[in-house]
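One structure is given here, and the rest of the page talks about it.
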Amino acid sequence: QVQVVESGGGLVQAGGSLRLSCAASGRAFSSYVVGWCRQAPGKEREFVAAIRWSLRTYYVDSVKGRFTISRDNAKNTVYLQMNSLKPEDTAIYYCAAATASELYNDSHYYNAALYDYWGQGTQVTVSS
């Protein structure tokens with residue numbers, strides 16, 4: 001089992017940047033895929049990005065070219081660098097982890113429902 005804790009949210013103007021961090025604890029961090037999902041008011045939780053132990057990455061189309069997910073396996077930490085932020089990026093951002101062996105198809109990585117372990121979330125607000 002793994003526990004994840006997010007940090008780094010805040011208020012930023014459109015066009016600005018933020019970096020979110022996800023610190024993981026528990027056993028066998030290498031066996032988990034770690035991702036970020038977000039939920040805006042009145043909307044369903046949606047997948048944003050994920051990264052495998054091998055450092056292969058996955059992104060939702062709306063953030064490609066603006067967000068970068070990275071992983072420091074030595075520190076058990078995953079980062080989400082968010083640039084060129086837009087008001088529509090405003091949401092609670094959640095770090096989530098999934099057992100790598102359960103995601104055996106590329107499409108699975110984009111499915112928030114398949115992630116088993118969740119943090120409490122961190123608020124990101126982008127003002128126009």
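Atoms considered below: every heavy atom in the structure, side chains included; atoms not considered: hydrogens, waters and symmetry mates.
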>> Just to verify, what does Tyr58 make a ring pair (Phe, Tyr, Trp, His ring centres under 6.0 Å) with, not counting sequence neighbours?
In response: Tyr109, Tyr110
> If every non-hydrogen atom of Val2 is compared with every non-hydrogen atom of Ala24, which pair is closest and at what distance?
Replying inline: CG2-CB, 4.0 Å
> Roughly how far apart are Thr57 OG1 and Arg71 CZ, rounded to 0.5 Å?
Replying inline: 12.0 Å
>> Hydrophobic clustering (ILVMFWY, side-chain heavy atoms < 4.5 Å, transitive) - are Val78 and Trp53 grouped together?
In response: yes
> By side chain to side chain donor-acceptor pair (under 3.5 Å), which residues pair with Thr125, not counting sequence neighbours?
Replying inline: Gln123
>> Taking ring pair (Phe, Tyr, Trp, His ring centres under 6.0 Å) as the definition, give me every residue that meets it alongside Tyr32, ordered by chain and number, with sequence neighbours left out.
In response: Tyr117
> What residues form a disulfide bond (SG atoms under 2.5 Å apart) with Cys37, not counting sequence neighbours?
Replying inline: none
> If you look only at pairs with a residue in residues 85-100, which of them pass as a salt bridge (charged side-chain N to carboxylate O under 4.0 Å, His left out), with sequence neighbours excluded?
Replying inline: Arg38-Asp89, Arg66-Asp89
> Mind checking whether Tyr59 and Leu114 sit in one hydrophobic cluster, side chains of I, L, V, M, F, W, Y counted as touching below 4.5 Å?
Replying inline: yes
> If only atom types and distance count, is the side chain of Thr90 paired as donor or acceptor with the main-chain N or O of Val126 below 3.5 Å?
Replying inline: yes
> Can you name the side-chain contact (heavy atoms from CB on, under 4.5 Å) partners of Val60, sequence neighbours left out?
Replying inline: Phe47, Ser62, Val63
>> For a quick test of reading the model, state the closest non-hydrogen atom pair linking Ala98 to Tyr115 and the distance between them.
In response: CB-CD2, 3.6 Å
> Applying side chain to side chain donor-acceptor pair (under 3.5 Å), which residue pairs with at least one partner in residues 14-25 are found, sequence neighbours left out?
Replying inline: Gln3-Ser25, Ser17-Asn83
> So if you build clusters from Ile, Leu, Val, Met, Phe, Trp, Tyr with side-chain heavy-atom gaps below 4.5 Å, do Leu103 and Trp118 land together?
Replying inline: yes
>> Could you check whether any side-chain N or O of Thr77 sits under 3.5 Å from a backbone N or O of Lys75, counting only pairs where one atom can act as donor and the other as acceptor?
In response: yes
>> Testing the basics here: between Ser128 and Ala14, what is the closest heavy-atom pair and its distance to 0.1 Å?
In response: CA-CB, 4.4 Å
> Any salt bridge (charged side-chain N to carboxylate O under 4.0 Å, His left out) pairs touching residues 4-17, not counting sequence neighbours?
Replying inline: none
>> For residues 77-128, which residue pairs pass the disulfide bond (SG atoms under 2.5 Å apart) check, not counting sequence neighbours?
In response: Cys22-Cys95
> With sequence neighbours excluded, what pairs up with Ala100 under the side-chain contact (heavy atoms from CB on, under 4.5 Å) test?
Replying inline: Val33
>> With salt bridge (charged side-chain N to carboxylate O under 4.0 Å, His left out) as the rule and sequence neighbours excluded, what pairs involving residues 104-119 come up?
In response: Arg56-Asp106
> To the nearest 0.5 Å, how far apart are CZ in Phe67 and CG in Leu20?
Replying inline: 8.0 Å
> Could you give the distance from CG (Leu80) to CG (Leu18), rounded to the nearest 0.5 Å?
Replying inline: 9.5 Å
>> Is any side-chain heavy atom of Tyr79 closer than 4.5 Å to one of Asp72?
In response: yes
> Trp36 and Val4: same hydrophobic cluster, using ILVMFWY side-chain contacts below 4.5 Å?
Replying inline: no
>> Check for me, please, whether Ile92 and Met82 land in the same ILVMFWY cluster - side-chain distances under 4.5 Å, paths through other members count.
In response: yes
>> My understanding is that only residues two or more places apart in sequence, or in another chain, count here; which of them pass side-chain contact (heavy atoms from CB on, under 4.5 Å) with Lys43?
In response: Ala40
